[in-house]
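Let me give you the structure first, and then I'll get to my questions.
Computation of the quantities below employed the complete heavy-atom set of this structure, encompassing side-chain atoms and omitting hydrogens, waters and symmetry-equivalent molecules.
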Amino acid sequence: MRMSKRFGLTLREAPADVEVKSHQLLLRAGFIRPLAAGIFSYLPLAKRSITKIENIMREEINGIGGQEMTMPVVHPADIWKETKRWYEIGTEMGRFYDKNERDMVLAMTHEEVVADLIRREIQSYRQLPQLVYHIQTKWRDDPRPRAGLIRVREFTMLDSYSLDANEASLDEQYRAHYQAYFNIFHRAGIKAIAVASDVGMMGGSMAHEYMYLTPIGEDTLVLCDGCGYHANRQIATFKKKDAAAETALPAEKVATPDVSTIEALAEFLGVPKAKTAKAVFMVATMREAGTETQKLIFAIVRGDMEVNETKLTNALKAHELRPAHPEEISSIGAVAGYASPVGLRSNKNVIIIVDDAVPTSPNLVAGANEAGYHLRNVNYGRDYQADVVADIAAAQEGDGCPRCGQPIYLSRGVEVGNIFKLGTKYTEALGGTFVDEDGSSKPVIMGSYGIGVGRLLACSAEENHDDKGLMLPITIAPYHVHLVGMGKMEKEADQVYEQLAAASLEVLYDDRDESAGVKFNDADLIGLPIRLTVGARAWKEGGVEMKLRHSDERIIIPLDNLVNTVQAQIDALFAEVQATVVPVPFEE
RNA sequence: CGGGGCAUAGCUCAGUUUGGUAGAGCGCUCGGUUUGGGACCGAGAGGUCGUCAGUUCAAAUCUGGCUGCCCCGACCA
């Protein structure tokens with residue numbers, strides 16, 4: 001490809017309000033252009049990288065028995081109504097009418113379509129197991145797109161769906177994906193870890209998220225160097241420090257004027273935060289048998305801990321949680337800042353939920369439900385009861401690892417993929433059944449597995465760059481070779497280009513009438529792995545200069561062996577990446 | 001949905017405080033000189049100042065509404 005003909009410019013500067021490095025560089029190098037928030041065009045360079053990423057995905061999923069197909073982007077709402085997700089999903093779903101005013105949906109995922117296909121195509125256990133996949137555009141009207149390609153609204157995703165007759169068979173496919181996904185990330189130049197994750201609205205029995213660790217990540221992970229434990233903070237457990245055993249002392253009201261935070265309270269009374277009880281008020285939306293009810297949630301954790309909203313939601317089996325308004329708090333007789341479960345007016349619209357560390361922590365300081373006063377020596381069981389006792393506290397830096405007890409630490413990560421054991425939720429809803437060996441009719445067991453293609457490119461760019469520009473690995477770089485022709489060497493450079501092109505090497509040839517500085521800087525910005533320079537210096541010695549993007553070394557390679565030398569370098573770079581593709585032990 | 005910021009030429013930004021004929025650098029076009037790390041000279045093109053309304057003799061500038069974009073949080077199948 002001649003750069004004089006290519007569509008898309010490089011930019012000297014990135015827009016000022018773009019902060020994430022991969023976003024800046026992909027814009028500057030002319031890979032992507034925004035059309036609207038979270039909606040991008042992929043220019044020719046990005047398209048080439050994306051095609052390569054998709055081909056890696058194809059190879060890996062084909063390798064575990066996948067069959068590629070394409071499912072529609074536009075769905076009739078009917079199938080989404082059948083699984084109820086039409087009603088459960090809010091504004092993230094793109095909805096519109098066709099010309100006959102039928103409800104239509106823009107695909108955000110394809111479980112419904114797969115389940116619909118299952119009910120049409122799968123009749124017998126003899127047809128199972130199956131693995132189907134596609135690489136398709138999806139629309140999720142995310143409330144907040146951010147960080148360039150990391151979080152977008154329109155995106156392309158590899159998603160595969162496993163179809164099994166029994167759990168053991170599902171487990172086999174699940175584990176096959178577990179490794180295949182690592183292979184995809186490694187081949188794309190991304191170091192990812194798999195963490196156990198919340199199954200969320202997808203339901204199902206097991207899920208892993210693949211996380212690329214980076215400070216710009218939007219998920220918080222809990223990691224342990226001692227034993228390798230890692231989990232999304234949403235579900236991470238930890239060893240709670242036991243409180244010292246004490247005999248319960250009589251409760252005692254103390255004046256605590258203008259002390260409405262745990263920090264202030266602990267300081268004012270001269271007690272550690274662990275000797276206090278923290279009250280958090282939320283409003284939960286519960287869904288049962290098609291009806292929705294709102295309940296005020298009074299959650300209590302020890303003062304040295306924070307509430308984990310995901311754990312809280314799961315413990316309550318709530319559909320949705322939001323912070324309570326002050327009026328809602330006072331409506332049950334609680335006083336914000338001095339709230340207490342003790343002597344609370346009984347009210348069936350309130351659920352009191354207590355972290356499991358609280359009952360074992362005697363003599364805590366709690367509010368007195370009276371502005372300016374707290375109660376000392378509040379004891380669970382004697383002074384109040386909870387509706388639910390559960391683990392609802394968030395793991396924090398330095399807490400004990402739930403497996404080995406060593407201190408854990410927190411890290412941010414971007415979710416680059418996920419795998420789910422879905423179960424039969426969708427096949428049951430849509431009637432995707434088969435006749436098993438014993439003659440009985442059963443729903444097909446599904447798994448679903450996804451990787452965002454653009455996000456993968458962005459994460460690889462995030463991982464593989466320097467101050468000057470991108471350094472994508474050769475496996476996904478748009479071209480392998482960046483050929484730079486210096487001034488007055490046009491004829492010679494053309495000749496080299498023809499020679500490389502004739503050998504079918506992937507070459508981006510900078511034949512523009514630009515100064516050397518401009519060309520070299522653009523080469524660094526686009527960051528192709530191998531740079532060849534046709535200049536007077538090397539030419540006199542009968543060769544061209546070769547430099548790798550990730551090295552400062554420049555060598556002169558002789559013209560008469562040009563293609564072979566470059567090809568050998570390409571092979572070596574591929575081998576380097578391939579060496580990172582290793583088996584990863586499966587961890588639940 | 002809550003909080004913050006921004007919107008002037010393709011890009012980066014100045015001009016807004018104190019209303020008075022639209023600016024710079026880079027990029028782009030033409031001519032010439034240069035040619036191993038964002039070169040130089042000369043001549044040009046390019047903006048209804050996001051949008052709608054209001055105040056005013058006069059609005060990029062003051063006031064209000066709306067829209068869009070970025071960041072933080074909530075959310076994230």
Centroid-centroid distance, A/Phe31 to A/Tyr42, less than 6.0 Å: no
Touch class at under 4.0 angstrom, heavy-atom based, for A/Arg146 against every strand present: sugar-phosphate
Nucleotide forming a Watson-Crick or wobble pair with B/rU33, both distances under 3.5 Å: B/rA39
Who pairs with B/rC26 - Watson-Crick or G-U, where each distance is under 3.5 Å: B/rG10
Sugar-phosphate only, base, or nothing, as touched by A/Arg33 at under 4.0 Å among non-hydrogen atoms: nothing
Nearest-nucleotide pick for A/Glu309, side chain only, options being B/rG38, B/rC75, B/rC69: B/rC75
Complementary nucleotide for B/rC1 - Watson-Crick or wobble, under 3.5 Å: B/rG73
Lys/Arg N to Asp/Glu carboxylate O, A/Glu154 vs A/Arg140, below 4.0 Å: no
Check: B/rG38 base within 3.5 Å donor-acceptor of A/Arg512 side chain: no
Test: A/Glu415 and A/Arg455 ion pair at under 4.0 Å: no
Sorted by number, the residues of residues 534-545 of chain A with heavy-atom contact under 4.0 Å to RNA chain B: A/Gly535, A/Arg537, A/Glu545
Nucleotide forming a Watson-Crick or wobble pair with B/rG47, both distances under 3.5 Å: none
By side-chain hydrogen bond (donor to acceptor under 3.5 Å, both in side chains) - contacts of A/Arg175 (at least two apart): A/Asp171
Sugar-phosphate only, base, or nothing, as touched by A/Glu415 at under 4.0 Å among non-hydrogen atoms: nothing
Who pairs with B/rC57 - Watson-Crick or G-U, where each distance is under 3.5 Å: B/rG20
A/Arg151 with A/Asp142: basic N within carboxylate O range, under 4.0 Å: yes
Cation-pi geometry met for A/Arg95 and A/Trp80 (6.0 Å, 45°): no
A/Glu111/A/Lys138 salt bridge by N-O under 4.0 Å criterion: no
Donor-acceptor pair under 3.5 Å, A/Arg28 side chain vs B/rG27 base: no
Presence of A/Arg12 side-chain N/O under 4.0 Å of B/rG38 phosphate oxygens OP1/OP2: no
B/rG64 to B/rU56 separation - C1' atoms, rounded to the nearest Å: 16 Å
